[in-house]
Amino acid sequence: MATRLRHHIVHMLARAGSGHPGGSLSAVEFVTALYFGGFLRYDPKRPDWRDRDRFIMSKGHGVPVQYAALAEAGFFPVEELDTLRAIDSRLQGHPVYGTAPGIEASTGSLGQGLSIGLGIALAGRLDRKDFQVYVLLGDGECQEGQVWEAAMAAGHHRPDNLVAIVDYNKFQLDGAVEEIMSIEPLAAKWEAMGWAVREIDGHDLVQVLDALEWATAATGPACIIGHTVKGKGVSFMEHENRYHGVAPSEEELTRALEELGVAAADRSIDADAAGAKEVQ
Amino acid sequence: MRDLFEGLELGKATRDAYGEALRDLGHEHQDIVVLDADLAKSTKSWTFGAEFPDRFFNVGIQEANMVGMAGGLAMAGKVPFISSFACFVILKGFDQLRMAVSYPNLNVKIAGSHQGISVGEDGTSQQAVEDVALACSLPNVVVVVPADEHETRAVVKAAYAHHGPVYIRTGRPSAPLVHDSEPEFVFGRAKRLREGTDLTIIANGLLVGAALVAHDRLAEEGIAARVVNMATVKPLDVAEVESAARETGAIVTAEEHLLHGGLGSVVAQAVVANHPVPMEFVGLDDTYAESGEPAALLRKYGLTAAEIVAAARRAIDRKGAVAPDRVVG
């Protein structure tokens, strides 16, 4: 399934002609484990089900991986992925609450998803519901002050149903996180805010599943720091920050799909739409 | 303050009425949750918090997180009322209001207390003078500035009954009573408090009291001013504005806010689009205020009945259709 999601990501971004492949590819194992590893409780026929678990893509530019998972999970047809970023599409460039079924919050202005997730988690506690809230954050996103407001508030209120996952892929738009504004010591920061923290290899599915099980059962808020590789799974995108916000061309798509072991022929793309436009 | 509103009884501050109304609503509706950012004793949200500690979250001094949390609580079926000073919740929480409230059109009620310069001695950093313009710029958000304690109670109830975001602006000092009792309140429907044919004064918040004082002074000069309490700035009661323009031929707006983007701006937009007439504007003209006793600040920065009277004379002069013996001084 992780490979299928990667296939969808590069394909839909090439089709859209813009978007952020690197930060979607780095989060694939987390999203795969959540949607298909038995963690998220959801019903694609009832996206508004009050007792569902919530997954919030706080790093909103990583939404292609969530769209891919939602399509595979049956929230909408896989063919709809090709409408990403097009006018009148439900698949907006960044997540928008109330558009595509399964999208839980409007994000894309970084730093906000954890506050929203905390609000949902506290509402669940007030109503004695047993749903879980998972929030995926970027590493660069952890430079936003609001992340730490929310982390402090969660450390104070100690909801058992809130899990933060940091996709620590080491790069942000302008370059290496460590050079632009180091977020280290990251684990110590979350611990200082009152969170239980575990650091793992975010591409090792066994570690990811194990950490999610640990975090879901944890008392109080839990944070998983996943060390990842930006662009993971497509060799020429790995560690190559050019692909933070540049979609693959048709040629690059073909190479990527070959690497992923999926024939490109059955899903050839419109060459005009595949021009690599840079966006933030 | 009392001498600024001669002839009017001073009631409670609108922030006090907000807290009381919220507490009363809390008894009726279990889905109400209240958040504050360490100003609960000042915004009066503590009136609710003291009674319902399980449904009250003091998030500390972090307005951005408070707004985001409110979005999450609303997504999960709660009706959050969030409070802080107007300048902090709107200005510090603005991007969060956009992403977690306005854009997703969530059922969050935002209460900004300490409106305008009547905050007084604490000075400019605590005085919200831009908040109405900012709130009005957010799609889906209803923006309301109640005038007195009676209207505030009605507004809080209407805000709960309305499904969607509402911004309620309240004030620190005792507010002159412009209603005898709790009025019927519908968002987007203005209240005509005085009839008149020579011009219309359209005001909200603390300036409604000043408008009523101005009405009486103008009457002594033989000028019949209509007074409209335009508590809801968005959606605007365009029909009432159009009636004022057609039937009285001149309009003065009065608000405790910057002239750019506040009540005067939105009324002017409606007037120009429907029936252009001379307008004059009472408000803060591209300036911040300073520390000082509230009444002294209102005088220094021109937010008084005397300024409304002067603006009314100017508007009538420009109208040019009033018999000369009716224009004095």
Side-chain angles (χ1 to χ4, degrees), chain A residues 47-58 60 92 94-99 103-129 131-133 135 144-159 161-162 193, chain B residues 26 29-38 52-82 84 88-89 92-110 138-140 163-165:
Chain A
D48 297 331
W49 179 33
R50 292 287 291 269
D51 294 340
R52 72 191 183 281
D53 292 336
R54 272 76 166 176
F55 172 70
I56 293 173
M57 179 63 84
S58 189
Q92 294 288 294
H94 289 75
V96 177
Y97 179 77
T99 52
I103 293 296
E104 300 284 3
S106 296
T107 59
S109 174
L110 290 169
Q112 303 198 20
L114 193 59
S115 298
I116 294 168
L118 174 59
I120 296 173
L122 291 174
R125 189 164 79 178
L126 278 173
D127 291 342
R128 295 185 171 77
K129 302 271 190 191
F131 60 72
Q132 290 281 326
V133 183
V135 181
E144 286 275 10
Q146 191 187 347
V147 169
W148 302 105
E149 290 187 4
M152 185 185 288
H156 177 81
H157 290 293
R158 304 199 60 72
N161 54 350
L162 181 63
M193 295 293 175
Chain B
H29 304 290
Q30 296 303 309
D31 53 2
I32 294 178
V33 294
V34 175
L35 289 78
D36 205 299
D38 195 43
F52 307 103
D54 294 346
R55 290 190 274 145
F56 179 78
F57 298 97
N58 194 331
V59 299
I61 306 166
Q62 35 174 245
E63 295 76 13
N65 180 47
M66 176 172 72
V67 175
M69 284 175 67
L73 285 157
M75 286 171 178
K78 300 296 177 192
V79 185
F81 281 71
I82 62 175
S84 182
F88 302 141
V89 68
K92 290 191 174 193
F94 194 68
D95 184 31
Q96 291 73 21
L97 287 170
R98 176 174 184 259
M99 294 300 297
V101 177
S102 149
Y103 185 24
N105 196 11
L106 288 167
N107 199 19
V108 175
K109 318 304 171 186
I110 309 130
L138 293 168
N140 300 318
H163 192 88

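Throughout, protein chains are lettered first and strands after them, A, B, ... in sequence-line order, and every chain is numbered starting at 1. In this text the structure is predicted, and so the values were computed from the model without any measurement.
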- [ ] Kindly give the heavy-atom pair with the smallest separation between Lys78(B) and Ala123(A), and that separation in Å.
- [x] CG-CB, 4.0 Å
- [ ] Give the intermediate values and the outcome of side chain to side chain contact (heavy atoms under 4.5 Å, CB included) for residues Met152(A) and Gln62(B).
- [x] CA-CA 10 Å; Met152(A) 185 185 288; Gln62(B) 35 174 245; 4.3 Å; yes
Can you give each donor-acceptor pair under 3.5 Å made by side-chain atoms of residues 112-122 of chain A, sequence neighbours left out, with the distance rounded to 0.1 Å?
from      : atom 1 : to        : atom 2 : distance (Å)
Gln112(A) : NE2    : Ser109(A) : OG     : 3.2
Gln112(A) : NE2    : Asp95(B)  : OD2    : 2.9
Ser115(A) : OG     : Gln146(A) : NE2    : 2.9
Ser115(A) : OG     : Asn65(B)  : OD1    : 2.5

Open item on the list: Nearest 0.5 Å, please: how far is CD in Glu149(A) from CD in Glu63(B)?
Closed with: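 Answer for the CD-CD pair, Glu63(B) versus Glu149(A), is 7.0 Å.
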Open item on the list: Any heavy-atom pair between the side chains of His157(A) and Phe57(B) that's under 4.5 Å?
Closed with: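 In short, these two side chains touch, coming nearer than 4.5 Å.
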Task: Tyr97(A) side chain near Asn105(B) side chain, heavy-atom distance below 4.5 Å - done: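 Answer no - side chains too far apart.
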Task: Proximity breakdown for Leu35(B) and chain A, heavy-atom pairs closer than 4.5 Å - done: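 It is neither, since no heavy atom gets under 4.5 Å.
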TODO: Check each atom of Val67(B) against the heavy atoms of chain A and say whether the ones under 4.5 Å are side chain, backbone, both or neither.
DONE: neither
Task: Atom CZ of Arg55(B): over 12 foreign heavy atoms under 6.0 Å - done: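 Yes - once you tally the heavy atoms of other residues, nucleotides and ligands closer than 6.0 Å, there are more than 12.
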- [ ] Name the member of Gly71(B), Gly77(B), Pro104(B), Gly60(B) that forms the most heavy-atom pairs with chain A at distances under 4.5 Å.
- [x] Pro104(B)
Task: Toward chain B, the part of Thr99(A) with a non-hydrogen atom under 4.5 Å - done: neither
